[in-house]
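Computed from heavy atoms alone, side chains included, the values below leave out hydrogens, waters and symmetry copies. Not measured: the values here are computed from a predicted model.
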Amino acid sequence: MRSLRRTLLLSLLGAVVLVLALGGIATYSTARNEVDELMDYQLRQFALSLRDQQFGGPDRPRLAPPEPSFDFVIQIWDETGVQLYLSHPHSVLPSLAKFGYNTVKTTEGDWRVFSIPLLNHVIQVAQPMAARSRIAAGAALRTLVPSLALIPLLGILIWYLVGRGLRPLERLTREVAARRPDSLEALPPQDVPEEARPLVTALNRLLRRLDQALSAQRAFVADAAHELRTPLAALQIQLQLCERASDEATRQAAMAELRAGLQRATHMVQQLLTLARHEPGAAALPPTSLRLADVARQSLADHAALGDARHIDLGAETLDETLSVIGDAAALRTLVGNLLDNAIRYSPEGSRVDVAVKAGAGTDASTCWLSVSDSGPGIPEDERERVLDRFYRPAGQVQPGSGLGLAIVRSIAERHGARLVLDESPLGGLRVSVAFPPATRESA
């Protein structure tokens, strides 16, 4: 706050000084114009005042020399051009007169000259422009001095008013600083200046998102702890059976159960870590353009061994090479991998699993669709929304699993702005489709 106050003070005082400087220039210009008009009038009047004076001849008195402080220079000629009088013999003014007002440049600076023919004489009165500049500068300075003297008082007043205007922000700062880490209630918008309300609104939106993220994290941790309790308890029981085995065959059977239990627990932990990495808002997506057909092809290659082990006909129905999406390649491989893993594990041996990447049709033509179809038992329509929840498994399911695969798929899809659709597969089982935002077509 002190830095902002100091910045405002210096900025406002700088603006005031700049305005005063511009005002001083304008004041000097105005004063100079007025002085020029007044002095030109005086030059004319002074010249006219010499009309009745007599010059030349032995019995005619000459004008007394002017005082040293007298700025004017007077020259007088007769009708033949003979100079009758020069008030300043050292003057550098020209010896010829040009009637009317003129500004003459000399080695001593500019002079303002007025010449007029009167009777049988020519009278010229001149004044240095520097004298006029001094008069104008003095007038401008006398006008600005009171304002310049008030600048310190103005600075104190600005300091006080800026501090008073920043008090609501200081209160807001103290309130935020005094909050506990888990206190995410919205900040009160009352008594906040209109200019600061967008900041308070943005902070409240951030606090709301943080509250949602922390709530989701707490729910995730609670669900994970609950789901891990059962396999860990089973592992402990299987370990006890190994310890109590009376013969080698019983010990080997208990060890096999223990090994299988460890594999299930490891798989669940890996799925939990994957889900945590791909939660919405967990990390910013890199702006990478990639072909979804390449991702699908790589995932098919990764799961070929698992498909062969279950005698599954694993292949691609359609892979449109011209469709690209913006996203995270590793996350999309995880998405397709989870869909393939579920399809292979839940399909009977000797069945078929197809992957497709194609553009939509009709009004949906700009959408890029990725789908995985299987020949498994499928999912009843009333349960298709629930299977996307964490740890949910349909009743009667015999295949081992963590209930996290489709939850991970949904999380990755949401991060990519995609839509997840579950419906019946043409192969008789489940088809899971992911509709990505408008696809970019590349030339084949």
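Comment: R297 engages E321 in a salt bridge, judged by a side-chain N to carboxylate O separation of less than 4.0 angstrom.
When all heavy atoms are compared, the tightest approach of V434 to A418 is CG1-CB, 3.6 Å. Considering all non-hydrogen atoms of both residues, L290 and G327 come closest at CD2-O, 3.7 Å. The nearest pair of heavy atoms linking G100 to N102 is O-ND2, 3.5 Å. For L300 against G315, the heavy-atom pair with the smallest separation is CD2-O, 4.1 Å. Considering all non-hydrogen atoms of both residues, L430 and D423 come closest at CD1-O, 3.5 Å. Between C368 and L292 the shortest heavy-atom distance is SG-CD2, 3.7 Å.
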**Message:** Walk me through whether S29 and T27 qualify under side chain to side chain contact (heavy atoms under 4.5 Å, CB included).
**Reply:** CA-CA 5 Å; S29 177; T27 302; over 6 Å; no
**Request:** Check the pair Q127, R132 against side chain to side chain contact (heavy atoms under 4.5 Å, CB included), reporting the backbone distance first and the verdict last.
**Result:** CA-CA 8 Å; Q127 182 187 35; R132 299 187 177 194; 3.0 Å; yes
**Request:** Take R431 and L422 through the side chain to side chain contact (heavy atoms under 4.5 Å, CB included) test and state the conclusion after the steps.
**Result:** CA-CA 6 Å; R431 178 173 63 185; L422 278 64; over 6 Å; no
**Item:** Intermediate values then yes/no, side chain to side chain contact (heavy atoms under 4.5 Å, CB included), N342 and V432
**Value:** CA-CA 10 Å; N342 279 352; V432 181; over 6 Å; no
**Derivation of the salt bridge (Lys or Arg N to Asp or Glu O under 4.0 Å) call for D110 and K105** = CA-CA 4 Å; D110 294 348; K105 296 183 179 296; 3.6 Å; yes
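Side-chain contact check for M39 versus I135: some heavy-atom pair is nearer than 4.5 Å. At a threshold of 4.5 Å between non-hydrogen side-chain atoms, the residues Q124 and W77 count as touching. A 4.5 Å side-chain heavy-atom check between H416 and D328 finds at least one atom pair inside the cut-off. Looking only at side-chain heavy atoms (C-beta outward), V355 and E317 stay at 4.5 Å or farther from each other. Side-chain contact between I123 and F114 is absent, with no heavy atoms from C-beta onward closer than 4.5 Å. Side-chain contact between W111 and T106 is present, with at least one heavy-atom pair separated by less than 4.5 Å. Between V372 and V353, some side-chain heavy-atom pair lies under the 4.5 Å cut-off. Between H303 and I344, the closest side-chain pair of non-hydrogen atoms falls below 4.5 Å.
Between atom CG of residue L335 and atom CG of residue L370 there is a gap of 7.0 Å, rounded to the nearest 0.5 Å. To the nearest 0.5 Å, atoms CD1 (I116) and CG (L43) are separated by 11.5 Å. We find the CD1-CG distance between I412 and L420 to be 11.0 Å, quoted to the nearest 0.5 Å. Put simply, CZ on F72 and CD on Q42 are 5.5 Å apart, with the number rounded to the nearest 0.5 Å. Note that OG1 of T30 and CD1 of I25 are 11.5 Å apart. Values are rounded to the nearest 0.5 Å. E34 contributes atom CD, which lies 9.0 Å from atom CG of L38 (distance to the nearest 0.5 angstrom).
No side-chain donor-acceptor contact under 3.5 Å links D341 to the backbone of G337. Listed for the S425 side chain is a donor-acceptor partner under 3.5 Å among the backbone atoms of D374.
In the model, S299 has no side-chain atom that pairs as donor or acceptor with a side-chain atom of R333 under 3.5 Å. A donor-acceptor contact closer than 3.5 angstrom is absent between the side chains of N33 and E37.
More than 12 heavy atoms of other residues, nucleotides or ligands shown are found within 6.0 angstrom of OH on Y101.
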